2 protein chains.
Amino acid sequence: MIKLNRTTEYGLVAMKHMAKKPGGSATSAREVSDQFGFPFEITAKTLQRLKDTGLIQSLQGARGGYVLARSLDEITLGEFVEKMEGPVAVVNCASGKTESPGCEYSGRCEMTSVMTDLNRRVIQFLSGIRLSELANSEIPVALTRFEDFLGNQPESMKENEKAHLS
Amino acid sequence: MIKLNRTTEYGLVAMKHMAKKPGGSATSAREVSDQFGFPFEITAKTLQRLKDTGLIQSLQGARGGYVLARSLDEITLGEFVEKMEGPVAVVNCASGKTESPGCEYSGRCEMTSVMTDLNRRVIQFLSGIRLSELANSEIPVALTRFEDFLGNQPESMKENEKAHLS
DNA sequence: TTATATACGATAATAGATGTCGTACTTGAA
DNA sequence: TTCAAGTACGACATCTATTATCGTATATAA
């Protein structure tokens, strides 16, 4: 299944929460976990990961917590997913980064290069979406691009795929 | 992790194999499993699923096997993934189809509509890729669109994301 | 009638995601 | 100087989905 991790969701919600927060006050793991009902321990781990990857900064001690290190406008979903879940790899033999662990069938299935390309396209797709787009509005900007996206498809597919979305 | 099922891979390889096969001869599960080294039982199940969803046709009995029911040119990756893995849902609360099983946080995280939109975009993305593109060449057409894709990104992101891909 | 196929359900094994626990360290404020 | 509220971090338990295996029934060409 093509699915995001739950921690990625938690992280996204936390980032949005921090971005909307007035003033420069820090946000604690407890605050996020209480507000959204996420398990505290996991929320804490998620925020630590966000901090380890440089997306937020931590302030230790009482009155401590986390603050955004970068604007949501500067972070793409591609970077975010990669920092939360590791390199994007739609199949094992196609890792966007570093050495791929490979696959016992590589060399026989003859699809490695194709999969690697597909993987790259997925990364590109995710990298075209800024977190600010996902956070700024309930009716996101992306929705208005829907028809544009359809416009990029093969002509013969349009009706077919519109039906799929219903 | 954003990842395809292994059965989806097996199915894709099998479809490509059938498409390349000369004449109208049927392809057995054994043939696919032998040729690519996939586990026989799973290969058989995968082909049955392809048949159940109407992507291929079966011929029972000795000398039986499977043949493509539709041209790879008429099938998009979106449809294929959906038929192999079920409705695309990047998060639980956002299913592209049918009733979503929901999420215990919905109503609190305030991101359902955003996630639903993201999900729709992923579906649209996958629906823009035809299986024939993935099967016809070792250096697929998609690769030549790479720069086009970059062109659709926010200007400020380009250098950033190019670095990501390295 | 036999060998080669598909058809299909039940179930086992594995891996990955998710959640829990325990403990140590840091710091502001009473 | 002590306490409460935080982060930091590793080990481990659990749950779930994927992946694989097994057994059996049915169809059909030779």
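Throughout, protein chains are lettered first and strands after them, A, B, ... in sequence-line order, and every chain is numbered starting at 1. Being a predicted model, the structure only gives us computed values, none of them experimental.
One atom, CE of B:Met84, and another, P of D:dT18, lie 12 Å apart when rounded to the nearest Å. A straight line from CD of A:Gln57 to C1' of D:dT7 spans 14 Å, rounded to a whole angstrom. One atom, CZ of B:Phe38, and another, P of D:dT21, lie 14 Å apart when rounded to the nearest Å. For B:Lys3 and D:dT18, the NZ to P distance is 11 Å, given to the nearest whole Å. As a whole-Å value, the separation of B:Asp34 CG from C:dT4 P is 13 Å. Atoms CG (A:Leu59) and C1' (C:dG28) sit 12 Å apart, rounded to a whole Å. Rounding to whole angstrom units, CG of residue A:Asn92 and P of D:dT18 are separated by 14 Å. C:dT4 atom C1' lies 10 Å from atom CZ of B:Arg30, rounded to whole Å.
With C:dT20, C:dC8, D:dT7 as the candidates, the nucleotide lying closest to the side chain of A:Phe40 is D:dT7. Which of D:dT7, D:dA5, D:dC9 sits closest to the side chain of A:Ala62 comes down to D:dA5. The side chain of B:Ser28 lies closest to C:dT6 when the candidates are D:dA8, D:dC9, C:dT6. Looking at the side chain of B:Gln60, the nearest of the listed nucleotides D:dT28, D:dC9, C:dA29 is D:dT28. If you check D:dA20, D:dT7, D:dA27 against the side chain of B:Arg6, the one that comes closest is D:dA20.
What you find for B:Arg70 and B:Lys83 is that their closest heavy atoms are NH1-NZ, 3.9 Å. B:Leu47 and B:Ala29 make their closest contact through CD1-CA, 3.4 Å (heavy atoms, listed as atom of the first residue, atom of the second, distance).
Where A:Pro39 and A:Arg63 meet DNA chain C, the nucleotide closest to each residue was compared, and A:Pro39 sits on the side nearer the 5' end.
Between B:Leu12 and A:Met115, some side-chain heavy-atom pair lies under the 4.5 Å cut-off.
Note on A:Tyr10: only backbone sugar-phosphate atoms sit closer than 4.0 angstrom, heavy atoms only; bases stay farther off. Among the heavy atoms of the strands lying under 4.0 Å from B:Lys51 are primed sugar atoms or P, OP1, OP2 only; no base atom is included. Residue B:Ala44 is classed as having no contact, given no heavy-atom separation below 4.0 Å to the nucleic acid. Contact annotation for B:Ala29: backbone-only contact, meaning every heavy-atom pair under 4.0 Å involves sugar-phosphate atoms and none involves a base.
A donor-acceptor contact under 3.5 Å is formed by the side chain of A:Lys45 with the base of C:dT20.
Using the six-membered ring where Trp is involved, B:Phe125 and A:Phe125 have ring planes that are parallel, under 30° apart on the 30 and 60° scheme.
Taking only side-chain nitrogens and oxygens, B:Ser58 never comes nearer than 4.0 Å to OP1 or OP2 of C:dA5. At the phosphate of D:dT19, OP1 or OP2 sits under 4.0 Å from a side-chain N or O atom of B:Asn5.
To the nearest 0.5 angstrom, B:Leu77 atom CG is 9.0 Å from A:Arg121 atom CZ.
A single hydrophobic cluster is not seen to contain both A:Tyr66 and A:Leu59; linkage of ILVMFWY side chains at heavy-atom distances under 4.5 Å, directly or through other members, places them apart.
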